[in-house]
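Computed from heavy atoms alone, side chains included, the values below leave out hydrogens, waters and symmetry copies. Here is the naming used below: chain letters follow the sequence lines, and residue numbers restart at 1 for every chain.
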Amino acid sequence: MTKYNALRGFQDIFPPEIYLWQRVEKTAKEVFLTYGFQELKPPIIESTEIFIRSIGETSDIVEKEMYTFTDKGGRSVTLRPEGTAPVVRCYVQNRLYNLPSPQKFFYSGPMFRYERPQRGRLRQFYHIGIEALGISDPKIDAEILLMLRTIFDRLNLRGLSYELNSIGCERCRPNYKKALMDFLKDRINGFCSDCKRRYEFNPMRILDCKIKECMKLRVGSPKMTDFLCEGCKVHFDTLLSLLRFAEFPYSINHDMVRGLDYYTRTTFEVRSKQLGAQNAVAAGGRYDRLVEEFGGPPTPAVGFAIGMERVSELLSYSDKIEIPSPEVFIATIGTSAANESLVIASNLRNKGIWTEIGYSKNSLKSQLRKADRLSAHYVLIIGEDELKTGKLKWKRLSDGSQGDVAISKVLEFFERR
RNA sequence: GUGAGUGUAGCUCAAUGGUUAGAGCACUGGACUGUGGCUCCAGGUGUUGGGGGUUCGAGUCCCCUCACUCACCCCA
């Protein structure tokens, strides 16, 4: 055990894994741009109130998982536990609703939740997400699902399932809740203690319970999609037919309930069987009331976020990590050669060529060994003889071939390769 | 917050309560004096996570603590 360690649930990310992360980020951003999403960087800390209002007072996130503290000015502030609320706050504060609709943004960065760490769950975790504000047309719901799939396809991820549901709106959801409670009323005693509690304050969560007995007892319970009001029903049906038209492989999960208060209508989750209990690699949905809640005009909106750790984990199963390697390694013998190498390396680097040099008084052998370890493509050898003649030796490590190149032609030599 | 499992070298792992705790990989150097990979040789590999207890004697048994892992819980 070393003297200082990262905090529980916090993680260092470094090579080689960092290259998987970079691939995910690069791929996602490329796809986002083709759909017209622009980057937005909100701060990672906000007034606590923002998260309480959006996520909901009774959610576990707000009740016990937020990194909340009082700053030196006596304000209650919170490290963001999710990305949507800050984007919406930014949208309202900067009156972005006055710009043409939709406004489409992506963001990426760390989120924080004080939870017990387990596979796929850390206290600091990374999301890369998008929000599309100002459009209620289900076409945009379909678009972002297609966008998600494009990203995962480009990353060659297999075996993902896309699960959809609609949880209605503030008009139809109460009817459903009532029907569900009526259905459960007689049998609630057989449920686990958690579900009994849920029955009181959030009965829809009972649908999410993984305890076998509860799963059995809720068989045949009413489905939200049977209780949608006309508007929500049309929205959902249209989305589904659009997805079928685009040959998008979705499935409907009537039991998928969102934990956050702000969701309306469409909710979805992308899951992988290769992960553990935390198997969602992306999730999102529609939140048509949140902008208004934050003091903006009525503005429908929809978004999702991708879990970086989980996608990276999936990539690590399917992809061999490619570690970048230097183009040139300069091995030297003697002080004047070492001095010369500094200048040559600098010139090569100015041309954008990754160049490494040998250090200290290591033997040529050990320098070559090091070049090999780094998987350098070429080694340049500078010794007494080379300095005298002005011709350096080059060696290609892949096949061992070598030859001479004049010092004045070194840049040319490597630029052409 | 609850439960279970695991902590030995940088990594993967051995060692019946009994001498000075080991192997492979990796790392550094040498054999090869200015030429990598292959082979061979040599060499750091360490408060056995930490603290306390039982014992003539603890890596091994007991207690506490910490960390990690997985699950519950929760969740974009």
Side-chain angles (χ1 to χ4, degrees), chain A residues 1-3 5-9 11 54-56 58-66 80-87 107-109 111-122 125-131 148 192-195 197-198 202 205 208-211 256-260 262-263 267-271 275-285 287 303-311 329 331-334 337 358 360 362-386 393-402:
Chain A
M1 186 59 70
T2 43
K3 189 173 178 186
N5 297 306
L7 294 176
R8 172 166 223 194
Q11 184 189 46
S54 58
I55 296 170
T58 60
S59 72
D60 273 40
I61 293 180
V62 168
E63 278 186 345
K64 46 195 182 198
E65 294 174 1
M66 293 207 302
R80 63 183 181 191
E82 59 103 29
T84 299
V87 171
Y107 60 86
S108 67
M111 308 291 163
F112 304 85
R113 284 183 206 170
Y114 193 87
E115 296 184 275
R116 186 83 164 242
Q118 71 181 77
R119 183 177 177 193
R121 187 171 81 181
L122 291 160
F125 53 98
Y126 285 77
H127 275 178
I128 178 159
I130 61 102
E131 313 291 346
L148 252 185
C192 68
S193 57
D194 280 332
C195 282
R197 199 160 41 85
R198 291 183 182 116
N202 198 344
R205 290 282 186 79
D208 237 1
C209 187
K210 284 171 206 149
I211 295 178
M256 189 171 61
V257 179
R258 296 276 80 169
L260 309 189
Y262 56 64
Y263 280 108
T267 62
F268 58 87
E269 229 170 88
V270 186
R271 293 185 185 169
L275 299 173
Q278 307 298 320
N279 62 357
V281 296
Y287 47 97
F304 66 70
I306 297 170
M308 289 291 300
E309 289 80 4
R310 297 177 193 178
V311 174
F329 187 100
T332 59
I333 304 140
S360 68
N362 287 339
S363 65
L364 182 61
K365 171 190 290 295
S366 73
Q367 292 184 68
L368 274 164
R369 191 153 47 207
K370 180 158 284 181
D372 188 55
R373 297 261 164 73
L374 292 170
S375 300
H377 300 145
Y378 286 88
V379 175
L380 270 182
I381 299 171
I382 314 177
E384 307 279 320
D385 303 344
E386 286 77 10
K393 284 223 169 61
W394 61 262
K395 176 166 186 168
R396 186 160 56 205
L397 290 186
S398 56
D399 59 5
S401 62
Q402 46 185 340

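- In terms of phosphate contacts, A:Ser363 brings no side-chain nitrogen or oxygen within less than 4.0 Å of OP1 or OP2 of B:rG29.
- Looking at the side chain of A:Leu364, the nearest of the listed nucleotides B:rG34, B:rA71, B:rA76 is B:rG34.
- Across all strands, A:Arg113 comes closer than 4.0 Å only to sugar-phosphate atoms, never to a base (heavy-atom distances).
- A:Asp372 has its CG atom 4 Å from the C1' atom of B:rG36, to the nearest Å.
- Atom CG of A:Asp385 is separated from atom P of B:rU35 by 12 Å (rounded to the nearest Å).
- With a cut-off of 3.5 Å on both Watson-Crick or G-U wobble distances, the partner of B:rA58 is given as none.
- A donor-acceptor distance shorter than 3.5 angstrom exists from the side chain of A:Arg310 to the backbone of A:Ala280, with no hydrogens or angles considered.
- Only the C1' atoms considered, B:rU35 is 37 Å distant from B:rG46, to the nearest whole Å.
- The CD1 atom of A:Ile333 sits 14 Å away from the C1' atom of B:rG36 (whole-angstrom rounding).
- One interatomic measurement links the two molecules: CZ of A:Arg271 to C1' of B:rA76, which rounds to 13 Å at whole-angstrom precision.
- Across all strands shown, A:Arg310 has heavy atoms under 4.0 Å from base atoms, whether or not it also approaches the sugar-phosphate.
- Between A:Leu122 atom CG and B:rC75 atom P the separation is 18 Å, expressed in whole Å.
- Within the 4.5 Å cutoff, the side chain of A:Ile55 has heavy atoms near those of the A:Pro81 side chain.
- Distance noted for atom P between B:rC63 and B:rA71: 27 Å (whole Å).
- Contact annotation for A:Gly276: backbone-only contact, meaning every heavy-atom pair under 4.0 Å involves sugar-phosphate atoms and none involves a base.
- Distance check on atom P: B:rU6 versus B:rA14 gives 12 Å, rounded to whole Å.
- With a 3.5 Å ceiling on both atom-pair distances, the Watson-Crick or G-U wobble partner of B:rC40 is B:rG30.
- As judged by a 4.0 angstrom heavy-atom cut-off over every strand, A:Lys393 is placed among the base-contacting residues.
- For A:Arg121 (side chain) and A:Arg116 (main-chain N/O), a donor-acceptor pair under 3.5 Å exists by modelled atom type.
- Atom name P, nucleotides B:rG30 and B:rG37: the rounded distance is 12 Å, in whole Å.
- Atom pair A:Arg8:CZ and B:rG49:P shows a separation of 18 Å (rounding to whole Å applied).
- Nucleic acid contact class of A:Glu386 (heavy atoms, under 4.0 Å, all strands): base.
- Within the 4.0 angstrom heavy-atom criterion, base atoms lie near A:Arg116.
- The side-chain contact (heavy atoms from CB on, under 4.5 Å) test with A:Ile306 singles out one residue from A:Ile128, A:Val281, A:Val270, and that residue is A:Ile128.
- B:rG52 and B:rC13: their C1' atoms are spaced 29 Å apart (whole Å).
- Atom CD of A:Glu384 is separated from atom C1' of B:rU33 by 14 Å (rounded to the nearest Å).
- Atom name P, nucleotides B:rU12 and B:rG59: the rounded distance is 22 Å, in whole Å.
- When Watson-Crick and G-U wobble pairs are counted only if both distances are under 3.5 Å, B:rA4 pairs with B:rU69.
- Straight-line distance from the NZ atom of A:Lys365 to the C1' atom of B:rG30: 9 Å, rounded to whole Å.
- Mapping A:Met308 and A:Arg121 onto RNA chain B by nearest heavy atom places A:Arg121 closer to the 5' end of the strand.
- Within the nucleic acid shown, A:Ala376 has no heavy atom closer than 4.0 Å to any nucleic acid atom.
- More than 12 non-hydrogen atoms from other residues, nucleotides or ligands lie less than 6.0 angstrom from CD of A:Gln402.
- Contact annotation for A:Gly307: base contact, defined as any heavy-atom pair under 4.0 Å involving a base atom.
- Rounded to the nearest Å, the gap between the P atom of B:rG49 and that of B:rG7 is 8 Å.
- Using a 4.0 Å heavy-atom criterion, one finds that A:Ala371 contacts no nucleic acid atom at all.
- The side chain of A:Ile381 sits closest to B:rU35 out of B:rG36, B:rU35, B:rG29.
- With C1' as the reference atom, B:rG57 and B:rG44 are 30 Å apart, rounded to whole Å.
- With B:rG29, B:rU35, B:rA71 as the candidates, the nucleotide lying closest to the side chain of A:Arg369 is B:rG29.
- Residues A:Tyr126 and A:Glu309 have side chains in contact (heavy-atom distance under 4.5 Å, counting atoms from C-beta outward).
- In this structure, A:Glu269 reaches neither bases nor backbone, as no heavy-atom distance under 4.0 Å exists between it and the strands shown.
- Base engagement by A:Gly383 is indicated by at least one non-hydrogen atom pair under 4.0 Å involving a base atom.
- Toward the 5' end of RNA chain B, the nearer of the two residues A:Glu82 and A:Arg119, judged by each one's closest nucleotide, is A:Arg119.
- Between the side chain of A:Gln367 and the backbone N or O of A:Thr332 there is at least one donor-acceptor pair closer than 3.5 Å.
- For A:Gln118 and B:rU69, a side-chain-to-base donor-acceptor distance below 3.5 Å is absent, hydrogens and geometry of angles not being considered.
- Residues A:Phe268 and A:Leu148 form a side-chain contact, since some pair of their non-hydrogen atoms from C-beta on lies under 4.5 Å apart.
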